[in-house]
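Written below as structure tokens is the structure these notes are about.
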There are 2 protein chains.
Amino acid sequence: MSAQSPLHMTEQRRVILEELRKVRSHPTADKIYTRVRRRMPRISLGTVYRTLDLLAAQGMIRKIESAGTRRRFDGTVEPHYHIRCLECGRIADLPPGEMPGLEAHFRNQTDYDVVGHTLELLGTCPACRKDRTEGKDVGVRPASEQ
Amino acid sequence: MSAQSPLHMTEQRRVILEELRKVRSHPTADKIYTRVRRRMPRISLGTVYRTLDLLAAQGMIRKIESAGTRRRFDGTVEPHYHIRCLECGRIADLPPGEMPGLEAHFRNQTDYDVVGHTLELLGTCPACRKDRTEGKDVGVRPASEQ
DNA sequence: CCAATATCAGTAATCATTCCTATTATTAGT
DNA sequence: ACTAATAATAGGAATGATTACTGATATTGG
Ligand SMILES: [Mn+2]
Ligand SMILES: [Mn+2]
Ligand SMILES: [Zn+2]
Ligand SMILES: [Zn+2]
């Protein structure tokens, strides 16, 4: 959950971290790969995956794994929930902080030891809502954008 | 979310539904496939997937998709959350009902239209806790059992 | 009974992610 | 600086759950 061994900052690792921190979106590994390749054309997708795992293990970035969607990464490490648009897959941040009393609410309702939870809001983003009112009926195109 | 067209109950569909409703666990498609094959040896895995999708679309069963794990199915359609054991992947039911005030709590914190949420508790199941105290240190074997 | 339609079994394809390996870079010790 | 040991990378193959395709079989409605 927090930093481990002092990470050797290779060129690849530095650039991947920089590019992820540049964006406010929650890009997939191959979106990051595309960005990083502009600066390091010979980097491999495997290195991107390996490095993202490593940075996440060090607590320098976060992994977002929502059900049924591709893995996404987050340059913001401060704890916060996300809301995902069911039409376009876009993921937005909610304000920092955990839902108060959530785990406590369930502790006496299970024989498991509760150690955490995952919570994701679902909805329609402003752009897709706008498309709707304009009758653009684009259907569902999940996770298809940056 | 609720029933649509009146579903033609083929033998395959009936048996798949029966087998899923028999168990209290949350089996993967191939676990259901294994069970169903005892009664219908020639059924194909594709039919199992297709039928489970169909039954879920009709609201007769539920799909559970947790991040980074295989898809699981639930014969109980009454709304309820789950808690997943981080060591063995087992999924248990929490009592029926939604966390009160959850979506309301976030409505004024986002410009998305909130239409739902996913919530999964994480923890250690009684069996894995027991293994621990017995020093059986089995490591992590996610989603490897029924 | 027949033609149109739906479903199925069997198998191939998909595709995000992980694994493997030969090469290249870095480090620590002299 | 030189060198052996160690770590990291590029490129490509493998994995594995799910989906798509296809020709055969079943069902329906007239
Ligand atoms: Mn975020
Ligand atoms: Mn359940
Ligand atoms: Zn959207
Ligand atoms: Zn367990």
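Computation of the quantities below employed the complete heavy-atom set of this structure, encompassing side-chain atoms and omitting hydrogens, waters and symmetry-equivalent molecules. Letters A, B, ... are given to chains in the order of the sequence lines, protein chains preceding strands, and every chain is numbered from 1. Fair warning: this is a prediction, and the values are worked out from it, not measured in the lab.
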- Item | Residues A:K31, A:V23; criterion side-chain contact (heavy atoms from CB on, under 4.5 Å); working and verdict | CA-CA 11 Å; A:K31 279 287 191 306; A:V23 298; over 6 Å; no
- After noting the C-alpha distance and the side-chain angles of B:R72 and B:R70, does the key distance pass the side-chain contact (heavy atoms from CB on, under 4.5 Å) rule? CA-CA 6 Å; B:R72 289 166 174 272; B:R70 306 164 63 187; 5.7 Å; no
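When atom types are taken as modelled, the side chain of A:H80 and the backbone of A:D93 share no donor-acceptor pair closer than 3.5 angstrom. The backbone N or O of B:H8 sits less than 3.5 Å from a side-chain atom of B:R13, completing a donor-acceptor pair.
Between the side chains of B:E120 and B:S66, a donor-acceptor pair is found at a separation under 3.5 Å.
Between B:E19 and B:K22 the shortest heavy-atom distance is OE2-NZ, 2.8 Å.
In this structure, A:M99 belongs to a hydrophobic cluster whose other members, linked by side-chain heavy atoms under 4.5 Å apart, are A:Y81, A:I83, A:L94, A:L102, A:F106, A:Y112, A:V114, A:L119, A:L121, B:Y81, B:I83, B:L94, B:M99, B:L102, B:F106, B:Y112, B:V114, B:L119, B:L121. Cluster partners of A:I64, using a side-chain heavy-atom cutoff of under 4.5 Å among ILVMFWY residues and allowing indirect links: none.
In the helix from C:dC1-D:dG30 to C:dT30-D:dA1, the rotation axis of the first five pairs and that of the last five pairs differ in direction by 30°, rounded to 10 degrees.
For A:R37, the side chain to side chain donor-acceptor pair (under 3.5 Å) test picks out no residue, with sequence neighbours left out.
To the nearest 0.5 angstrom, A:L52 atom CG is 5.5 Å from A:I16 atom CD1.
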- Query: Reading nucleotides 7-26 of chain C from the 5' end, what letters show protein touch, with B for base, S for backbone sugar-phosphate only, - for no heavy atom under 4.0 Å?
  - Reply: SBBB-----SBB-------S
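From the 5' end on, the contacts that DNA chain D makes with chain B at under 4.0 Å to a non-hydrogen atom open and close at D:dA17 to D:dT28.
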